[in-house]
Protein chains: 2
Amino acid sequence: MTDSPQAPTRFPVTVDIVALTVRDNALNVLLITRLIEPFRGRLALPGGFVLAGEGLEEASIRELAEETGVERVPGHLEQLQSYGPQGRDPRGDVLTVAHLLLAPDFPVLSAGSDAEHAAWYPVGHVLDGATELAFDHGRILADAVERARSKLEYSPLGAAFCGEEFTIAQLRAVYEAVWGTRLDPRNFHRKATGNPGFLEDTGRMTAGDAGRPAALFRLAAQARSAAGEPVRAVLNPPLMRPNS
Amino acid sequence: MTDSPQAPTRFPVTVDIVALTVRDNALNVLLITRLIEPFRGRLALPGGFVLAGEGLEEASIRELAEETGVERVPGHLEQLQSYGPQGRDPRGDVLTVAHLLLAPDFPVLSAGSDAEHAAWYPVGHVLDGATELAFDHGRILADAVERARSKLEYSPLGAAFCGEEFTIAQLRAVYEAVWGTRLDPRNFHRKATGNPGFLEDTGRMTAGDAGRPAALFRLAAQARSAAGEPVRAVLNPPLMRPNS
DNA sequence: CTGAATTATTGTCAATATGACGATAAGTAT
DNA sequence: ATACTTATCGTCATATTGACAATAATTCAG
């Protein structure tokens, strides 16, 4: 780390959060509608400036709370990548540290006061160009989705989209939504339950749904932190996407 | 992206570069000796402040050039992660965007003028606590090494440690050094050459070394950019580390 | 010049993982 | 009761993996 003779340039730093969830068997992203210029009326990722004395993750959690009303992080939060500082904001250089949140479907503060209105949008409608996001958020979203897709292969993070307990079919629906492919239920069942250190049978079953009741699983102890969030780095063997 | 009513806090932003290479069958990292406080005399990652009008990668390349004398990026450079801004530097809040460089062994400007003296150090000596780095650079290095290790599994990036052309044994030596394991030469040969879109036979052979001459390979076209740097995201099937 | 040593490369074989799909189990809907 | 729906277990051919034998093509030691 070289130190400049004169005071270094300082940059405004923001965090942006790509919150992903699975709704109606499709991958959705949490977006807000901008009420001010630039990009007024456009959809954008939730986020905002990092305040003095604040860490990056801390800032992300605060912004998420401010814009969606959630009191605690509802899933797995990790840093994605930083972008900038140049050419991102017409008002000037801004460095942003993008974060990725993988969470079960949670309700957002949709009763828009004069704050930005936040809501879930299918990722497909954004990635295929039908909806253009503000700033470079389209690119950030694309990077986030690719990260999520590969995380499902090599980590137990797919479970972050489910609640505390879930069935194999629910987990499979997550994989299908994120990867955009159909998976054979029988082979998926074998691989998910057969992967050592991934899932743990709770002994409980679903009831009331159509069809045979399904066993409820949770993440295995090695795969979750004290907070219940998945931590174990790798899934071995990996659950690879078909085809490619 | 919420906009604060008053001017947002601005932070000094640095880039730090974790330059890794393989020397004498061991993973090495490029470190500089700090000549000023804080952490005077301690080893640290090369890096420095991002200047106004500069991008993150651009700043990394500039700092690398300033501190090692290389004129061009000698390998694969990618962003690692951002750290901070709190609790990293005793002088105050500094956000740093760490970068990872995977490169063949290259000579560094070791004739220390009054600039920091840069040199290669075996990663093992640092990770096992024998050498303490300045700031939070020990943690950054640990993250970088873990990233490199998993990159070798899922991407063709192992080749970034080799030159333009290399033998399978040289590539295997990279894997062994980075993973810290021994690999069966015959099985590695089969997997490396059998992976579609990974390697390309140049038709040329080594000569003069002990033992049977080895075929020289290069990265397949799909796996490298115009600059010759590996780009193809995934290696399929992956080359997994043994054991775990 | 010859055999020993060294390294590269091809092959073999059993164990394991994978993809495709059949069969059965255990519920709800009619 | 019968149909329908979903979960779960099983089977089988094929592909991949790890362990290791065999062979090829050099340099090195004498």
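Values in this document were obtained by computation on a predicted structure and should not be read as measured data. Numbers restart at 1 for each chain; the letters A, B, ... are given by sequence-line order, proteins then strands.
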K.L.:
Name all residues meeting the salt bridge (Lys or Arg N to Asp or Glu O under 4.0 Å) criterion together with A:D201; count only those two or more places apart in sequence or in a different chain, and write none if there are none.
P.N.:
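None.
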
K.L.:
Sequence neighbours left out, what passes side chain to side chain contact (heavy atoms under 4.5 Å, CB included) with A:D209? Give chain and number order.
P.N.:
A:T206

K.L.:
Using the heavy-atom set of chain A and a strict 4.0 Å cut-off, write down the first and last nucleotide of DNA chain C that makes it in, 5' to 3'.
P.N.:
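Contact boundaries, 5' end first: C:dT18 to C:dT28.
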
K.L.:
Without decimals, in angstroms, what is the distance between B:R186 CZ and D:dA24 P?
P.N.:
16 Å

K.L.:
Write down the protein N/O and nucleotide N/O pairs, taken from nucleotides 14-18 of chain D, whose separation is under 3.5 Å; answer none if there are no such pairs.
P.N.:
residue, atom, partner, partner atom, Å
D:dG18, OP2, B:K191, NZ, 3.2
D:dG18, N7, B:R190, NH2, 2.7
D:dG18, O6, B:R190, NH1, 3.1

K.L.:
With a 6.0 Å cut-off on the ring centroids, do A:F217 and A:F166 count as close?
P.N.:
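A:F217 vs A:F166: aromatic centres not under 6.0 Å.
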
K.L.:
Sequence neighbours excluded, which residues qualify as side chain to side chain contact (heavy atoms under 4.5 Å, CB included) partners of B:P104?
P.N.:
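Once residues adjacent in sequence are excluded, B:P104 has no partner under the side chain to side chain contact (heavy atoms under 4.5 Å, CB included) criterion.
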
K.L.:
Look at atom CD of A:E176 and say whether more than 12 heavy atoms of other residues, nucleotides or ligands are closer to it than 6.0 Å.
P.N.:
yes

K.L.:
Under the rule for side chain to side chain contact (heavy atoms under 4.5 Å, CB included), what residues qualify as partners of A:E132, not counting sequence neighbours?
P.N.:
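For A:E132, the residues satisfying side chain to side chain contact (heavy atoms under 4.5 Å, CB included) (neighbours in sequence not counted) are A:R42.
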
K.L.:
To the nearest Å, give me how far apart NE2 (B:H189) and C1' (D:dA25) are.
P.N.:
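That distance rounds to 14 Å.
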
K.L.:
In the structure I gave you, are the side-chain heavy atoms of A:L31 and A:L45 within less than 4.5 Å of one another anywhere?
P.N.:
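The answer is yes, as the side chains (C-beta and beyond) meet within the 4.5 Å cut-off.
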
K.L.:
What residues in residues 175-184 of chain A put a non-hydrogen atom under 4.0 Å from any atom of DNA chain D?
P.N.:
none

K.L.:
Please list, by residue number, the residues of residues 204-217 of chain B whose heavy atoms come closer than 4.0 Å to an atom of DNA chain C; answer none if no residue qualifies.
P.N.:
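Nucleic-acid contacts, sorted: B:A210, B:G211, B:R212, B:P213, B:A214, B:A215.
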
K.L.:
Which residues pass the ring-ring contact (aromatic ring centres under 6.0 Å, His included) test with B:F106, not counting sequence neighbours?
P.N.:
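Checked B:F106 against ring-ring contact (aromatic ring centres under 6.0 Å, His included); matches are B:W120.
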
K.L.:
Going by an N to O cut-off under 4.0 Å, is there a salt bridge joining A:K191 and A:E153?
P.N.:
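A:E153 and A:K191: not salt-bridged.
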
K.L.:
Listed by chain and number, what are the salt bridge (Lys or Arg N to Asp or Glu O under 4.0 Å) partners of A:R149, not counting sequence neighbours?
P.N.:
none

K.L.:
Is a donor from one side chain sitting under 3.5 angstrom from an acceptor on the other, for A:D16 and A:T96?
P.N.:
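Per modelled atom types, A:D16 and A:T96 side chains form a pair under 3.5 Å.
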
K.L.:
Return the set of residues passing ring-ring contact (aromatic ring centres under 6.0 Å, His included) with B:Y175 (not counting sequence neighbours), or none when no residue passes.
P.N.:
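By the ring-ring contact (aromatic ring centres under 6.0 Å, His included) rule, B:Y175 matches B:W179, B:F188.
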
K.L.:
How would you list, by chain and number, every residue that makes a side chain to side chain donor-acceptor pair (under 3.5 Å) with B:E58, sequence neighbours excluded?
P.N.:
none

